[in-house]
Structures are given as C-alpha cells and as structure tokens.
Amino acid sequence: MIDLRSDTVTKPSQAMRAAMADAAVGDDVHGEDPTVNELEATVAELLETEAALFVPSGTMGNQIAARVHADRGDEVLVERESHIYKWELGGLAQHAGLQVRTVDGGSRGVVTPESIAEGYVEADSHRAGTGLVCLENTHNSKGGTAISADEMDAAARAAHERNVPVHVDGARLFNAAAALDVEAARLVREADSVMCCLSKGLGAPVGSMLAGTEPFIEKARRVRKLFGGGMRQAGVLAAPGLLALENRTRLADDHENARALAAGLASIDGLSVADPETNIVMSEPATPVERFVDACAAHGVNCGPFGEGRVRFCTHLGVSREDVETAVEAIAGI
Ligand SMILES: *Cc1c(COP(=O)(O)O)cnc(C)c1O
C-alpha cells in the first residue's frame with residue numbers, strides 16, 4: 001500500500017529507534033532531561049528565538065500559545081480555513097475562552113494587512129478587543145502553500161501596529177522554508193511565537209516545538225503542565241526529534257515528488273489537480289470523493305478525503321519517486 005493520506009504516517013527510522021534506546025533522560029517536569037534540553041536549545045537556535053519548549057503535539061503547541069498570548073474574552077483573528085480554528089475541536093474557546101473572528105485568506109490562505117485592518121476590533125466597553133493574530137505556514141487546507149517572508153512580515157507588522165501579538169502555526173514551517181529557499185527563522189522573524197511539528201514531514205514519531213521569548217516560554221511551560229502535557233523522561237521522544245531536524249534537508253525531495261505526482265494525476269481524465277507548492281497535492285475528482293478514495297485504496301493507494309469534494313495526497317519520507325509513478329499508474333487504471 002502506498003500511503004499518501006498524510007505526512008504523519010511516517011515510521012521512525014532504525015537510527016531514531018536506536019537513539020530512543022540510548023537517550024540520556026531525566027525528569028523533564030523538573031527541567032532535568034538533558035536530551036529534551038538539547039532539543040529545545042537546538043530549535044531555539046534554529047528559529048533564532050530566545051527559547052523553545054517540547055510539546056506532545058502541534059495542537060497542544062498552538063493551544064498553549066493562544067492561552068499565553070490572549071486574555072479570556074479576547075477575539076483571535078484566524079484564517080477561515082486555518083488548522084487552529086478548523087481542526088482543533090474549538091480549543092480556542094475551550095482552553096482559553098477566546099472568541100474567533102475569521103478572515104478570508106483567498107486561494108493561498110494569506111492573511112494580509114488589509115484583512116487584519118478589517119478584522120481588528122479595538123476593545124471598549126461593549127466590544128472584546130483583538131488579542132491575537134494567528135498565521136499558518138505552510139497553509140494546510142489551501143494545499144500546502146508556502147507564504148513568503150514578505151507576506152509574513154507584512155501581516156505581523158499590521159498586527160503589531162495595533163499592539164496585537166502574532167502566533168505562527170508552522171506545523172510545516174520547514175517545508176515552507178525549503179520551498180522558498182530561505183531559513184525558517186527568516187519566515188518567523190516578526191512573529192511572537194511559532195509552533196513547528198517534528199512528527200510530520202520530518203519523520204519523528206511524536207512531538208512538536210513551541211518557540212518564542214524567554215518570558216513567553218516560561219509561561220508556556222506552566223500552561224503545558226496545566227493542559228496535562230508535562231512529561232517525565234521525555235528524552236526518549238526528544239532523541240528522535242533531534243534526528244528529525246536533520247531531515248529538513250530532504251524536504252525538497254518530497255516537493256519534487258509532489259510536483260511529479262500532480263503532473264501525473266493531472267494527465268488523468270476526470271481529475272483536476274492544483275499545482276503544489278510543497279508536499280501537498282489537492283485534487284478534485286469528478287466522481288464522488290468516497291467512491292474515488294475507496295477505488296484508490298482497492299488499487300493500492302491511500303489518499304485522504306479533505307471536504308468540499310477534495311482529496312489530499314501528501315508526499316513524505318516514506319514515499320519514493322517510484323511509489324509516485326506506481327500510484328499514478330494505479331489511479332489512471334481506475
Ligand atoms: C497537523 C497540524 C497541526 C497539529 O499537529 P498535531 O501534532 O497533529 O496536533 C497544526 N497545524 C497544522 C497546520 C497542521 O497541519
């Protein structure tokens with residue numbers, strides 16, 4: 001079976017498993033796990049932030065950030081199709097007591113200064129003010145679009161002009177960096193915090209990182225405990241995370257495979273396919289989605305229904321160029 005449903009389906013390599021077995025560990029709730037400390041320092045350096053925090057999932061990283069940045073009752077500005085709004089169980093309301101206001105980021109999911117100006121609410125005696133702006137890069141639901149440094153900066157400045165902090169959901173930030181050929185740190189230079197996942201294209205079995213200033217991470221550490229995310233000998237999870245970071249350099253291969261997959265799928269009658277910017281290929285079959293997905297599975301290819309008549313294919317380190325060619329042939333034969 002060629003599994004193109006998601007880049008979360010990757011299995012840890014033998015080297016990762018060996019690193020887990022050999023990891024130096026301690027009680028991370030007491031800050032005593034040397035491997036977790038190394039991972040946090042490595043990511044802070046990589047993203048050019050003062051500090052970073054290892055969290056069990058990207059969702060928890062996003063939710064902690066919202067809770068730390070905004071006060072109960074605040075509004076949070078998010079893109080209409082963003083993960084933090086659409087796929088996190090209403091957590092912004094549940095965990096932080098926030099009210100969401102959405103902005104339409106268009107076909108690529110770009111939050112512009114104009115949309116921030118329009119969506120911003122100044123607090124007064126009748127209105128909850130805007131307490132946070134969230135940006136997503138790459139934008140998952142828009143097909144893994146890589147938002148440029150200029151676009152990120154412009155949105156962050158528009159928020160900061162209004163004294164509103166900015167959190168970046170960078171679950172696939174390193175994919176964006178690879179696609180745009182810039183350092184990941186450059187994309188989040190103006191942001192107040194950033195979350196990035198180790199467990200997607202980078203291939204770690206578990207874990208995400210939240211990065212920001214020292215005071216932000218200090219508060220985030222308390223909220224992580226509050227949310228039940230304080231882990232003990234977590235070095236066994238941080239060790240494969242350190243190796244996962246090295247997989248940044250091969251993300252360009254996934255993007256090349258995604259382009260090959262898109263080109264192959266586009267040549268099949270009855271499939272419309274968007275040009276991928278990173279490792280996500282969105283396609284709209286002419287047949288009902290469930291039937292299409294079932295037929296693909298019956299022919300050895302797993303892909304994911306993604307709502308609104310769309311099907312998502314993700315390339316990742318478990319998918320070779322040969323797999324892409326095999327998948328295209330199989331789908332063409334349906
Ligand atoms: C996957 C994802 C998350 C959440 O990560 P989990 O580790 O699955 O909780 C957040 N944002 C985006 C854009 C994602 O794709």
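Ligands are counted one by one from 1 in listed order, and the atoms in each one are counted from 1 as well. What you see is a predicted model; the values in this text were computed from it and never measured.
For the side chain to side chain donor-acceptor pair (under 3.5 Å) with N279, the qualifying choice from T315, D7, D254 is D7, the only one to do so.
Ring geometry, F292 versus F313: the interplanar angle exceeds 60°, so the pair is classed perpendicular (tilted spans 30 to 60°).
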Note down each nitrogen or oxygen pair, ligand 1 side and protein side, whose separation is under 3.5 Å; give only atom names and the distance to 0.1 Å.
| from | atom 1 | to | atom 2 | distance (Å) |
| --- | --- | --- | --- | --- |
| ligand 1 | 7 (O) | G58 | N | 2.8 |
| ligand 1 | 9 (O) | G58 | N | 3.3 |
| ligand 1 | 9 (O) | T59 | N | 2.8 |
| ligand 1 | 9 (O) | T59 | OG1 | 2.6 |
| ligand 1 | 11 (N) | D169 | OD1 | 3.0 |
| ligand 1 | 11 (N) | D169 | OD2 | 2.6 |
| ligand 1 | 15 (O) | R172 | NH1 | 2.8 |
| ligand 1 | 15 (O) | K200 | NZ | 2.7 |

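By the side-chain contact (heavy atoms from CB on, under 4.5 Å) test, T59 pairs with S57, Q63, H83, E88, sequence neighbours left out. D323 meets the side-chain hydrogen bond (donor to acceptor under 3.5 Å, both in side chains) test with S320; sequence neighbours excluded.
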Can you give each donor-acceptor pair under 3.5 Å made by side-chain atoms of residues 220-237, sequence neighbours left out, with the distance rounded to 0.1 Å?
| from | atom 1 | to | atom 2 | distance (Å) |
| --- | --- | --- | --- | --- |
| R221 | NH2 | E40 | OE1 | 3.3 |
| R224 | NH1 | F54 | O | 2.6 |
| R224 | NH2 | D28 | OD2 | 3.3 |
| R232 | NH1 | D27 | OD1 | 3.3 |
| R232 | NH1 | D27 | OD2 | 3.1 |

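Heavy-atom contacts from other residues, nucleotides or ligands closer than 6.0 Å to NZ of K219 number 12 or fewer.
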